[in-house]
Amino acid sequence: MAGVIAASAFSVTAHAQTPAAATSSAAVADTRAEFKILLPQAQLLGQTRLTVWGFKIYDAQLWAAPGFNADRYASQPLALELAYLRAFDAVDIAERSLTEMRRSATITDAQARQWTRDMQRVFPNVKVGDRIMGVHRPGIGASFWVNGKAGGEILDAEFSKLFFGIWLSPKTSEPAMRTALVGGAGS
């Protein structure tokens, strides 16, 4: 199931769907303020909801500059925000994220240990209503924002590519979610 940044408490197939309530312009403006400096031209491309066995896990939004090409997501700056609809522990978020990252690449034991430590450093335990936004910086790594405040960075380009691939790689466990997020931005 796609990067449950993380629904590791569930080991079942998840289904992506469009959130019932439309995002208000106030919420969009608030979200954009968090990454305006890193992605000044970013626009909302798509949004969806991850639901597992009828349980709402999170709402996701993908932001990128005009001309974004989903087939080349790893080489383009982007921001992905998850608004949690359930509580999760940071350790579960990190473990599930690593499991999903392994869907698209071989990860060494050393990378797994380092990336798990890094994710536990930047991801807090989340509760209902918390938001984590990740900003993919190609060739550099990822910056994370928690409820509008800088949460930390993982300065590893390979980590960032695989992490955002949880949602955007053609090998994602949730192709419907990928389709909804990229909003038709293809090759």
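FYI, the numbering just counts along the sequence from 1.
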Kindly determine whether Leu78 and Leu168 satisfy side-chain contact (heavy atoms from CB on, under 4.5 Å), including the steps that lead there.
-> CA-CA 11 Å; Leu78 58 90; Leu168 301 174; 3.6 Å; yes
If only atom types and distance count, is the side chain of [X] paired as donor or acceptor with the main-chain N or O of [Y] below 3.5 Å?
X      : Y      : answer
Arg121 : Ile154 : no
Glu81  : Ala60  : no
Asn147 : Arg131 : yes
Thr172 : Pro175 : no

If I compare all heavy atoms of [X] with all of [Y], which pair ends up nearest, and what's the gap?
X      : Y      : result
Asn125 : Asp89  : OD1-CA, 3.3 Å
His136 : Ala74  : NE2-O, 2.8 Å
Pro138 : Pro77  : CG-N, 3.6 Å
Pro124 : Val122 : CD-O, 3.6 Å
Ser169 : Ser104 : OG-CB, 4.0 Å
Ile166 : Ser97  : CD1-O, 3.6 Å

Determine, step by step, whether Leu39 and Val135 satisfy the side-chain contact (heavy atoms from CB on, under 4.5 Å) criterion, reporting the C-alpha distance in whole Å, the side-chain angles of both residues, the deciding distance to 0.1 Å, and the verdict.
-> CA-CA 8 Å; Leu39 295 172; Val135 179; 4.0 Å; yes
Minimum side-chain heavy-atom gap [X]-[Y] below 4.5 Å:
X      : Y      : answer
Phe163 : Phe144 : yes
Thr179 : Thr48  : no
Lys56  : Arg49  : yes
Gln47  : Leu62  : no
Leu85  : Val128 : no
Arg113 : Thr116 : no
Met177 : Leu50  : yes
Phe159 : Met101 : yes

To the nearest 0.5 Å, how far apart are [atom1] in [X] and [atom2] in [Y]?
X      : Y      : atom1 : atom2 : result
Leu82  : Ile93  : CG    : CD1   : 9.0 Å
Ile107 : Gln114 : CD1   : CD    : 13.0 Å
Gln61  : Leu181 : CD    : CG    : 9.5 Å
Leu98  : Arg103 : CG    : CZ    : 13.0 Å

With the 4.5 Å side-chain cut-off for hydrophobic clustering, are Phe55 and Val126 part of the same group?
-> yes
Are Met119 and Ile140 connected in the hydrophobic side-chain network, where two residues link if heavy atoms are under 4.5 Å apart?
-> no
Under a 4.0 Å N-O cut-off, is there an ion pair linking Arg178 with Asp71?
-> yes
Does a donor on one side chain and an acceptor on the other come within less than 3.5 Å for [X] and [Y]?
X      : Y      : value
Gln120 : Arg117 : no
Arg137 : Ser160 : no
Glu100 : Ser173 : yes

Do Tyr58 and Phe88 have ring centroids that are under 6.0 Å from one another?
-> no
Is the ring centre of Phe164 less than 6.0 Å from the ring centre of Tyr73?
-> no
Evaluate the criterion side-chain contact (heavy atoms from CB on, under 4.5 Å) for residue pair Asp156 and Trp115; output intermediate values, then yes/no.
-> CA-CA 9 Å; Asp156 183 321; Trp115 292 349; 3.0 Å; yes
